[in-house]
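Convention: sequence-line order gives letters A, B, ...; per-chain numbering from 1. What's counted below: heavy atoms across the whole structure, side chains too, no hydrogens, waters or symmetry copies.
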Amino acid sequence: AQTIHQWPVAEIKAVGSPLSLGCTIKGKSSPNLYWYWQATGGTLQQLFYSITVGQVESVVQLNLSASRPKDDQFILSTEKLLLSHSGFYLCAWSLSTSQNTLYFGAGTRLSVL
Amino acid sequence: GEKVEQHESTLSVREGDSAVINCTYTDTASSYFPWYKQEAGKGLHFVIDIRSNVDRKQSQRLIVLLDKKAKRFSLHITATQPEDSAIYFCAASAGGNNKLTFGQGTVLSVIP
């Protein structure tokens, strides 16, 4: 069975500080990977997707970047956090990029103060 | 781009009754419509989906209906139970990078 693990569970960070969030998928080779962001009390917005190691496509510009250093790992980062980065970050995987079910991780709650 | 509107922001039903959540979308090219459930402070859990080649799909107590003409789809939860209480999100995708456009979410409360 596939498992998706996100870390950390929660972060409290200062404006201007760096950030790195991680996501690991086990039990599935070459998954498509996604980062979604959910503003507090709001809906979800796709940030990045990756179909293979080393390739990441940006969907929305939020002064964030993403990388896929390994087949089973997806990293979301920024060098300087903004207040507007606060929210819930969700990693997800799917079998392909074509209308397949997304399976989400438990998420990381980020508070930027 | 695609816009998905979820019509009920909150919904309260009595245990055993049915709950219906309605969504509309704008992109006629959308052909995949999943529903997700989010419990407090947790990630999203896939519950059911429908593709544009059918207009009805059922999985146990969950029924999804799709009206392509009206660009509308709905989730029906029958015989509701307290554990159905959660936030439900509808979404739509026209394919390509699996970009799901989500609705705003419906907070469903099932009253025992």
Side-chain angles (χ1 to χ4, degrees), chain A residues 2-10 21 23-25 31-52 55-61 66 68 74 87-111, chain B residues 1-10 21 23-27 29-54 57 59 62 64 66 73 86-107:
Chain A
Q2 299 84 9
T3 59
I4 178 168
H5 174 61
Q6 281 188 249
W7 73 92
V9 171
L21 304 180
C23 173
T24 299
I25 290 83
N32 294 321
L33 299 175
Y34 310 84
W35 279 110
Y36 276 78
W37 174 67
Q38 184 179 30
T40 303
T43 191
L44 294 101
Q45 192 172 22
Q46 190 185 67
L47 301 177
F48 298 94
Y49 71 95
S50 170
I51 60 174
T52 192
Q55 286 188 17
V56 177
E57 299 296 330
S58 172
V59 177
V60 172
Q61 287 297 329
R68 187 167 176 178
F74 208 17
F88 199 39
Y89 288 84
L90 290 151
C91 180
W93 70 271
S94 73
L95 287 173
S96 77
T97 50
S98 174
Q99 300 179 2
N100 263 288
T101 305
L102 289 187
Y103 298 95
F104 286 85
T108 295
R109 188 159 302 281
L110 174 66
S111 299
Chain B
E2 171 73 281
K3 285 184 171 52
V4 176
E5 188 173 340
Q6 204 160 334
H7 294 261
E8 297 82 8
S9 56
T10 61
I21 303 171
C23 290
T24 52
Y25 61 99
T26 58
D27 189 349
S30 286
S31 57
Y32 176 62
F33 307 92
W35 288 85
Y36 287 87
K37 176 182 180 182
Q38 185 178 37
E39 295 173 1
K42 296 189 177 177
L44 271 70
H45 176 70
F46 170 78
V47 288
I48 193 169
D49 60 12
I50 190 166
R51 298 182 192 273
S52 59
N53 59 338
V54 296
K57 183 175 179 179
S59 174
L62 302 176
V64 284
L66 174 63
F73 58 114
I87 304 173
Y88 289 82
F89 288 94
C90 63
S93 171
N97 80 23
N98 222 352
K99 181 169 184 272
L100 291 178
T101 300
F102 283 85
Q104 299 89 335
T106 296
V107 179

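Within the 4.5 angstrom heavy-atom criterion, only side-chain atoms of Q38(A), from C-beta onward, approach chain B. With a 4.5 Å cut-off on non-hydrogen atoms, L44(A) touches chain B through its backbone and its side chain both.
In this structure, L102(A) and F46(B) approach most closely via the heavy-atom pair O-CB, 4.3 Å. Shown here for T43(A) and Q104(B), the closest heavy-atom pair between the two residues is CB-CA, 3.9 Å. In terms of heavy atoms, F88(A) sits closest to K42(B) at CE2-O, 3.3 Å.
Under the rule for a salt bridge (Lys or Arg N to Asp or Glu O under 4.0 Å), R109(A) has no partner lying at least two apart in sequence or in another chain.
Taking 4.5 Å as the heavy-atom cut-off, none of the residues of residues 1-10 of chain B approach chain A.
The shortest side-chain heavy-atom distance between L100(B) and Y36(A) falls under the 4.5 Å cut-off.
One finds the OG1 atom of T101(A) at 6.0 Å from the OH atom of Y36(B) (value rounded to the nearest 0.5 Å).
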